Amino acid sequence: MFFRDRIRDDSKYLHDMSSLKGHAKNVILPNDETELREGIRYSSKGNTKVTISGNRTGSSGGAVPNGGDIMSMEYLRGVIGVGKDEKGVFVRVLPCTTISMFNDRIRNSQPEVVTEEIPALGGMVFPVKVDRNSTVGGCISANRSGIRRFVRRIKVVFSDSTFMYIQRGDYKASDRRMAFAAGRNYFSFELPSYDSADDFGPRISSDMDLIDLFIGSEGVFGIITEADIYVSDHEDECPTEESGKLYNDSIRMKYGQQAVDDLVRIKGILDPNYILNIGNLF
């Protein structure tokens, strides 16, 4: 059973590194993904808004709640595997793993192997330059420092508690039509008509990869609970913007109101109760 506790006015969960302070009724503190799915199922049945919270190191208000409950990912952390494919060596992590923890673990020990070939991790690091207290899940949700190109695979939990694994290349749109099964659900929808740059928000294009809908989308479509990240022998510097609650008009300003309307329509399909990370992205 997941733990749910009342929020005090001075709670750390009500703010991040931005100037915003929010309000919420309760914090849900799952110890593992099973408890997280129980918590999100409970919230969905009660139509309770949920704000996903990690280390709250973002500066755009993405983790600041606008009422409802907070889903803190703080206990879902750790390196759980390592593997290698034709593109390189990757590390499998839980979402609240910090960059410091990520680098320390692969530097000092050999995680469990998840592919047949045992890769060497000597000299490898998290592939982009970000604050060491940032979490992997937070980086993916905001596409911080252009992490998108290093994300091999994610696991996503939807607002009805169903989940799916999404590996790059496995699910692609047919022109502007995206269709895929997730648990007991089958989703099918038209993508927005604009083509986006890889600056903020999801990457939208014809024949796009499904994984790119979740990377950069600030957690409004689903909760990332596991990720494979390709490691590198150096850190790339690639500053990117974040939307969050301070800059959630960025997509409208760059691509127009129709782009926002189309993303809201897709959110209504993937999150029909409209409970996940309200106020982020648009």
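The structure presented is a predicted model; accordingly, all values stated were derived computationally and were not measured.
More than 12 heavy-atom neighbours from other residues, nucleotides or ligands sit within 6.0 angstrom of CG on Asp175.
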>> For Glu33 and Glu38: C-alpha separation, side-chain torsions, deciding distance, then whether side chain to side chain contact (heavy atoms under 4.5 Å, CB included) applies.
In response: CA-CA 9 Å; Glu33 188 186 301; Glu38 289 176 355; over 6 Å; no
>> Would Met253 and Ile251 count as a side chain to side chain contact (heavy atoms under 4.5 Å, CB included) here? Give the steps.
In response: CA-CA 5 Å; Met253 292 178 65; Ile251 291 176; over 6 Å; no
> Which is it for Thr162 and Arg184 under the side chain to side chain contact (heavy atoms under 4.5 Å, CB included) test, yes or no, and what are the steps along the way?
Replying inline: CA-CA 7 Å; Thr162 57; Arg184 57 180 174 269; 3.4 Å; yes
>> Could you walk me through whether Asp207 and Lys172 satisfy the salt bridge (Lys or Arg N to Asp or Glu O under 4.0 Å) test, starting with their C-alpha distance in whole Å, then the side-chain angles of each, then the deciding distance to 0.1 Å, before giving a yes or no?
In response: CA-CA 6 Å; Asp207 304 316; Lys172 303 196 79 170; over 6 Å; no
>> Show, in sequence, the C-alpha distance, side-chain angles and deciding distance for Asp69 and Lys25, and conclude whether the salt bridge (Lys or Arg N to Asp or Glu O under 4.0 Å) test is met.
In response: CA-CA 6 Å; Asp69 286 352; Lys25 291 184 178 180; over 6 Å; no
> Could you walk me through whether Ser100 and Thr98 pass the side chain to side chain contact (heavy atoms under 4.5 Å, CB included) check?
Replying inline: CA-CA 5 Å; Ser100 177; Thr98 65; 4.0 Å; yes
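In the hydrophobic clustering of ILVMFWY residues, with side-chain heavy atoms under 4.5 Å counting as a link, Leu94 and Val82 come out apart. Following chains of ILVMFWY side-chain contacts shorter than 4.5 Å, one cannot reach Ile223 starting from Ile80, and the two form parts of different hydrophobic clusters. Under the 4.5 Å side-chain heavy-atom criterion for ILVMFWY residues, no single connected hydrophobic cluster contains both Val64 and Tyr274. Follow the hydrophobic side-chain contacts under 4.5 Å out from Val156 and you reach Ile211 in the same cluster. Put simply, Tyr75 and Ile28 are part of two different groups of oily side chains (I, L, V, M, F, W, Y) that touch within less than 4.5 Å, one to the next.
Under the rule for a ring pair (Phe, Tyr, Trp, His ring centres under 6.0 Å), the partners of Phe180 that lie at least two apart in sequence or sit in another chain are Phe187.
Geometric assessment of Lys84 against the ring of Phe90 yields a negative cation-pi assignment under the 6.0 Å and 45° thresholds.
Here the shortest heavy-atom pairing between Tyr13 and Ser53 reads CD2-OG, 4.2 Å. Across all non-hydrogen atoms, the minimal contact from Lys254 to Ala197 is NZ-CB, 4.1 Å. Between Leu29 and Ser72 the shortest heavy-atom distance is CD2-CB, 3.6 Å.
Ser206 and Arg176 share a donor-acceptor pair across their side chains, judged by distance under 3.5 Å alone. Using modelled atom types and a 3.5 Å distance limit, the side chains of Asn248 and Asn280 yield no donor-acceptor pair. For the 3.5 Å distance criterion, the side chains of Glu218 and Ser243 qualify, holding a donor opposite an acceptor. The closest side-chain donor-acceptor pair between Arg56 and Asn133, if any, does not fall under 3.5 angstrom.
Listed for the Arg148 side chain is a donor-acceptor partner under 3.5 Å among the backbone atoms of Asp212. With hydrogens and angles ignored, the 3.5 Å screen pairs no side-chain donor or acceptor of Ser145 with any backbone N or O of Asp236.
One distance of note links CD1 of Ile224 with CD1 of Ile154; it measures 4.5 Å at 0.5 Å rounding.
Contact annotation: the side chain of Leu263 never approaches that of Ser217 to less than 4.5 Å [non-hydrogen atoms, C-beta and beyond]. Counting heavy atoms from C-beta outward, Ser44 and Ile275 have side chains that approach closer than 4.5 Å.
For the side-chain contact (heavy atoms from CB on, under 4.5 Å) with Phe126, the qualifying choice from Val136, Ile106, Val93, Thr97 is Val136, the only one to do so. Paired with Asp271 under the rule side-chain contact (heavy atoms from CB on, under 4.5 Å), one option of Leu276, Asn277, Val220 passes, and it is Leu276.
A distance of 6.0 Å or more separates the ring centres of Phe150 and Tyr230.
By the 30° and 60° cut-offs, the orientation of the rings of Tyr255 relative to Phe200 is tilted.
A salt bridge links Arg153 with Glu226: the closest approach of a Lys/Arg side-chain nitrogen to an acidic carboxylate oxygen falls below 4.0 angstrom.
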